[in-house]
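Working notes for the structure below.
In this chain, numbering begins with 1 at the start of the sequence shown.
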Amino acid sequence: MFSYESRFSLQSDSRWTFIWRAPGTRYHQENTIERHRYGGAGWLVWGGIILGSRTDLHVQSVTMRGHIYRDVILEQHVRLFRGAMGAEFLFMDDNARPHRANIVDECLQSEDITRMDWPAYSPDLNPIEHVWDMLGRRIAARQPPPTCLPELRRALLDE
């Protein structure tokens with residue numbers, strides 16, 4: 001099982017806007033975009049994919065911590081897939097700090113869940129990144145687009 005979380009918000013997290021323009025046209029009106037900065041509130045979305053199947057999305061507004069990861073993600077999602085797959089089950093998460101907490105390691109050991117070796121800071125190797133990209137594109141293409149956090153949450157779950 002490949003698992004990962006991604007953050008979705010009503011505005012770009014990077015705060016960068018890329019514009020392709022001809023030299024000398026930097027401040028022309030068509031190259032200027034008015035932006036309102038109201039903070040980067042959004043949702044943290046966790047999901048897992050395995051052999052043509054997927055988990056339900058878990059959407060939360062708080063930062064992922066070790067105890068949340070254990071109680072919600074491992075207990076309510078991963079453990080169920082482990083039970084269905086049997087001894088062949090192999091679990092992949094990134095090396096984020098909450099995923100390496102002692103309570104998480106103890107939970108994985110008690111459930112006999114084998115964790116895949118994974119290089120640190122390499123989420124781009126995770127195939128679930130394609131799912132997050134697709135989900136982000138679908139949210140961006142919605143008409144009308146979500147304008148508040150409850151609408152964004154509903155859109156994430158609908159898509």
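- Although no hydrogens or angles enter the test, the distance criterion places no donor-acceptor pair under 3.5 Å between the side chain of Ser53 and the main chain of Ile50.
- Side-chain contact check for Val45 versus His58: every heavy-atom pair is 4.5 Å or farther apart.
- Under the 4.5 Å side-chain heavy-atom criterion for ILVMFWY residues, a single connected hydrophobic cluster contains both Tyr4 and Leu90.
- A distance-only check finds no donor-acceptor pair linking the side chain of Ser3 to the backbone of Gly48 [under 3.5 Å].
- Ring-plane geometry between Tyr69 and Phe91 is classed as tilted, the angle between the planes lying from 30 to 60 degrees on a 0 to 90 degree scale.
- Of the possible donor and acceptor atoms, none in the side chain of Glu159 sits under 3.5 Å from a partner among the backbone N and O of Ala155.
- By the 4.5 Å heavy-atom criterion applied to side chains, Pro98 and Ile68 are not counted as neighbours.
- Here the CG-CD1 distance, from Leu156 to Ile139, works out to 4.5 Å after rounding to the nearest 0.5 Å.
- Between the Arg79 side chain and the Glu111 main chain, no donor and acceptor come within less than 3.5 Å of each other.
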(message) Working note: Thr55 + Met1, criterion side chain to side chain contact (heavy atoms under 4.5 Å, CB included); need CA distance, chi angles, decisive distance, verdict.
(response) CA-CA 10 Å; Thr55 66; Met1 169 187 266; 3.5 Å; yes

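- Side-chain N or O atoms of Trp43 include one that pairs as donor or acceptor with a backbone N or O of Leu149 at under 3.5 Å.
- Between Ile113 and Val78 the shortest side-chain heavy-atom distance falls below 4.5 Å.
- With Arg82 contributing its side chain and Gly86 its backbone, the two residues share a donor-acceptor pair below 3.5 Å.
- With respect to Glu106 and Arg70, no salt bridge is recorded, no charged nitrogen being found less than 4.0 Å from a carboxylate O.
- If you take CG on Asp133 and CZ on Arg138, they are separated by 11.5 Å, rounding to the nearest 0.5 Å.
- Atom-to-atom distance recorded for Arg7:CZ and Thr63:OG1 is 7.0 Å, nearest 0.5 angstrom.
- A salt bridge between Arg115 and Asp93 is present, with a side-chain N of the basic residue lying under 4.0 Å from a carboxylate O of the acidic one.
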(request) Run the numbers on Glu5 and His99 for side chain to side chain contact (heavy atoms under 4.5 Å, CB included), then give the verdict. (result) CA-CA 11 Å; Glu5 59 264 345; His99 304 168; 3.3 Å; yes

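- In terms of hydrophobic clustering, with Ile, Leu, Val, Met, Phe, Trp and Tyr side chains grouped at heavy-atom distances under 4.5 Å, Phe89 and Leu80 are assigned to different clusters.
- For the pair Arg54/Val131, no side-chain contact is recorded, criterion being any heavy-atom separation below 4.5 Å from C-beta on.
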(request) Give the C-alpha distance, both sets of side-chain angles, the deciding distance and a yes or no for side chain to side chain contact (heavy atoms under 4.5 Å, CB included) between Leu74 and Leu108. (result) CA-CA 8 Å; Leu74 297 180; Leu108 291 173; 4.0 Å; yes

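- Atom CG of residue Asn102 and atom SG of residue Cys107 lie 12.5 Å apart, to the nearest 0.5 angstrom.
- Within 6.0 Å of the CZ atom in Arg65, the count of heavy atoms belonging to other residues, nucleotides or ligands does not exceed 12.
- Met134 and Leu157 sit in two unconnected hydrophobic clusters of ILVMFWY residues. Membership requires side-chain heavy atoms under 4.5 Å apart, directly or through other members.
- Rounded to the nearest 0.5 Å, atoms CD1 (Ile128) and CZ (Phe2) are 9.5 Å apart.
- Taking CG of Leu57 as the reference point, atom NE2 of His77 lies at 9.0 Å (rounded to 0.5 Å).
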(request) In sequence, state the C-alpha distance, the side-chain angles, and the governing distance for Val59 and Leu44, and then conclude on side chain to side chain contact (heavy atoms under 4.5 Å, CB included). (result) CA-CA 6 Å; Val59 181; Leu44 184 69; over 6 Å; no

